[in-house]
2 protein chains.
Amino acid sequence: MPDGRRAKGAVRRRALLEATLRVVGRDGVAAVSQRTVAAEADVPPSAVLYYFASVDDLLVTTLREVNDRYCAELAELPSVEALAAHVAALDPAALVAEYELWLLAARRPDLRSELTRWDATVDALAARLAPDRAETVAAALNGLYLRAATTGVDAEAALRVLRTQD
Amino acid sequence: MPDGRRAKGAVRRRALLEATLRVVGRDGVAAVSQRTVAAEADVPPSAVLYYFASVDDLLVTTLREVNDRYCAELAELPSVEALAAHVAALDPAALVAEYELWLLAARRPDLRSELTRWDATVDALAARLAPDRAETVAAALNGLYLRAATTGVDAEAALRVLRTQD
DNA sequence: CCGAAACTGGAGCGCTCGCTCAGGTAGTTT
DNA sequence: AAACTACCTGAGCGAGCGCTCCAGTTTCGG
């Protein structure tokens with residue numbers, strides 16, 4: 001029988017993770033605090049440290065979840081055209097949040113594995129969609145992501161960049 | 001006659017800017033505070049707010065200086081080969097610092113101009129060194145920078161990525 | 001229906017933060 | 001040398017921080 005107590009807790013826990021991601025996207029990793037996340041999720045501050053061992057734990061858990069999501073999304077793309085459309089459809093604010101977390105992972109040895117996971121996913125995608133020029137496509141994709149985070153990228157331009165040999 | 005007092009002040013001001021960049025590289029933008037920078041530059045904390053209107057002003061000034069330096073460096077590269085060598089020679093820690101500042105600029109409207117300045121410099125370089133495939137080279141260069149910040153990139157691999165058509 | 005377990009939330013501790021300010025020090029001018 | 005002024009600084013304020021603690025509430029199994 002499902003325990004109603006645990007179920008209720010799980011809902012709050014998830015709400016906190018989503019609130020954290022929103023705070024990161026809006027104001028950056030530095031703005032993530034027990035009190036700001038609690039306010040964003042509309043729970044009392046003490047709830048944050050009931051569901052997570054520390055504020056840092058909350059942040060790291062959020063990072064892993066986001067990485068999971070992005071990697072899964074990339075793995076399902078069937079073609080270079082779909083990839084270009086994917087890049088063009090990304091929300092700049094969400095990408096900025098992603099880079100905030102990327103930077104956090106780059107700085108901390110214990111999160112290095114998340115970084116290599118992301119790199120490996122991009123490399124695998126490039127090798128799958130463009131085996132003869134995988135290195136360039138992987139680099140160009142990373143470059144497109146960066147550009148998409150600021151000025152945005154439209155699908156035609158993305159496709160032009162990714163189809164490097166035509 | 002030059003006022004010795006003013007000259008001494010200028011030296012301290014510069015020391016604070018360099019200390020700020022070191023702190024950003026080592027511990028991130030979030031670690032930049034009046035007290036940490038003062039300790040890094042070996043000046044009393046109050047000196048920080050004597051030379052800069054606020055801690056934020058110090059950070060923004062540092063960002064503009066770093067951007068100046070990077071843009072000037074790119075503008076002088078004579079060939080794709082030199083560009084590949086340049087990327088391979090970059091220090092990962094310094095690149096992480098650069099991305100910290102990039103992210104700061106991405107989030108703040110008043111710093112958007114620094115971002116477009118960087119993008120324009122990269123685009124101009126790509127158009128100069130590889131006119132027939134500028135968009136791809138610009139994206140690939142940004143991708144290489146990102147990779148260089150974590151795992152590092154060797155010169156041969158960078159050249160392979162940048163010479164997209166061979 | 002009752003004890004246990006999961007959950008809730010407010011109070012508050014020790015700490016660092018950005019910033020202000022009154023006053024001290026040292027180089028310049030007369 | 002005295003007056004002036006630009007430069008410099010330690011002390012301290014109010015605020016927000018992570019985190020602990022514990023008394024209260026809800027929901028469960030037996």
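On a predicted model such as this, the values are computed, not experimentally measured, just so you know.
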Discussion item. In the structure I gave you, are the side-chain heavy atoms of B:Tyr99 and A:Leu146 within less than 4.5 Å of one another anywhere?
Written reply: yes

Discussion item. Can you confirm whether B:Leu111 sits close enough to B:Leu101 that some side-chain heavy atom of one is under 4.5 Å from a side-chain heavy atom of the other?
Written reply: no

Discussion item. What is the separation between atom CG on A:Leu59 and atom C1' on D:dG18, rounded to the nearest whole Å?
Written reply: 14 Å

Discussion item. Any non-hydrogen side-chain atom of B:Arg108 less than 4.5 Å from a side-chain atom of B:Val60?
Written reply: yes

Worksheet entry | Residue closer to the 5' end of DNA chain C, B:Ser46 versus A:Pro45 (nearest nucleotide) | A:Pro45

Worksheet item: Hey, are A:Glu135 and B:Arg147 close enough for a salt bridge, meaning a charged N less than 4.0 Å from a carboxylate O?
Response: no

Worksheet item: What parts of residues 49-56 of chain A reach DNA chain D, counting only heavy atoms under 4.0 Å away?
Response: A:Leu49, A:Ser54, A:Val55

Item to complete: Give the rounded distance in Å between these two atoms: CD of B:Gln34 and C1' of C:dC21.
Response: 13 Å

Discussion item. Considering every strand and a 4.0 Å limit on heavy-atom distances, what is the contact class for A:Val37: base, sugar-phosphate, or nothing?
Written reply: nothing

Fill in: Length of the line joining B:Arg35:CZ and D:dC13:C1', which is rounded to integer Å
11 Å

Fill in: Between D:dT9 (P) and B:Asp42 (CG): distance, integer Å
11 Å

Worksheet item: Do A:Trp118 and A:Tyr145 pass the ring-ring contact (aromatic ring centres under 6.0 Å, His included) test, and can you show the C-alpha distance, the side-chain angles, and the key distance before you say yes or no?
Response: CA-CA 13 Å; A:Trp118 168 255; A:Tyr145 271 120; 5.8 Å; yes

Practice prompt. Starting at atom CZ of A:Arg12, determine the distance to atom C1' of D:dT25, rounded to an integer number of angstrom.
Written response: 12 Å

Worksheet item: Are any of B:Ser33's side-chain N or O atoms less than 4.0 Å away from OP1 or OP2 of C:dT16?
Response: no

Fill in: Ionic contact status for B:Arg14 with B:Glu65, cut-off 4.0 Å
yes

Practice prompt. For A:Asp57 and D:dT20, give me the distance from atom CG to atom P, rounded to whole Å.
Written response: 12 Å

Discussion item. By the 4.0 Å heavy-atom rule, please label B:Val43 as base, sugar-phosphate, or nothing.
Written reply: nothing

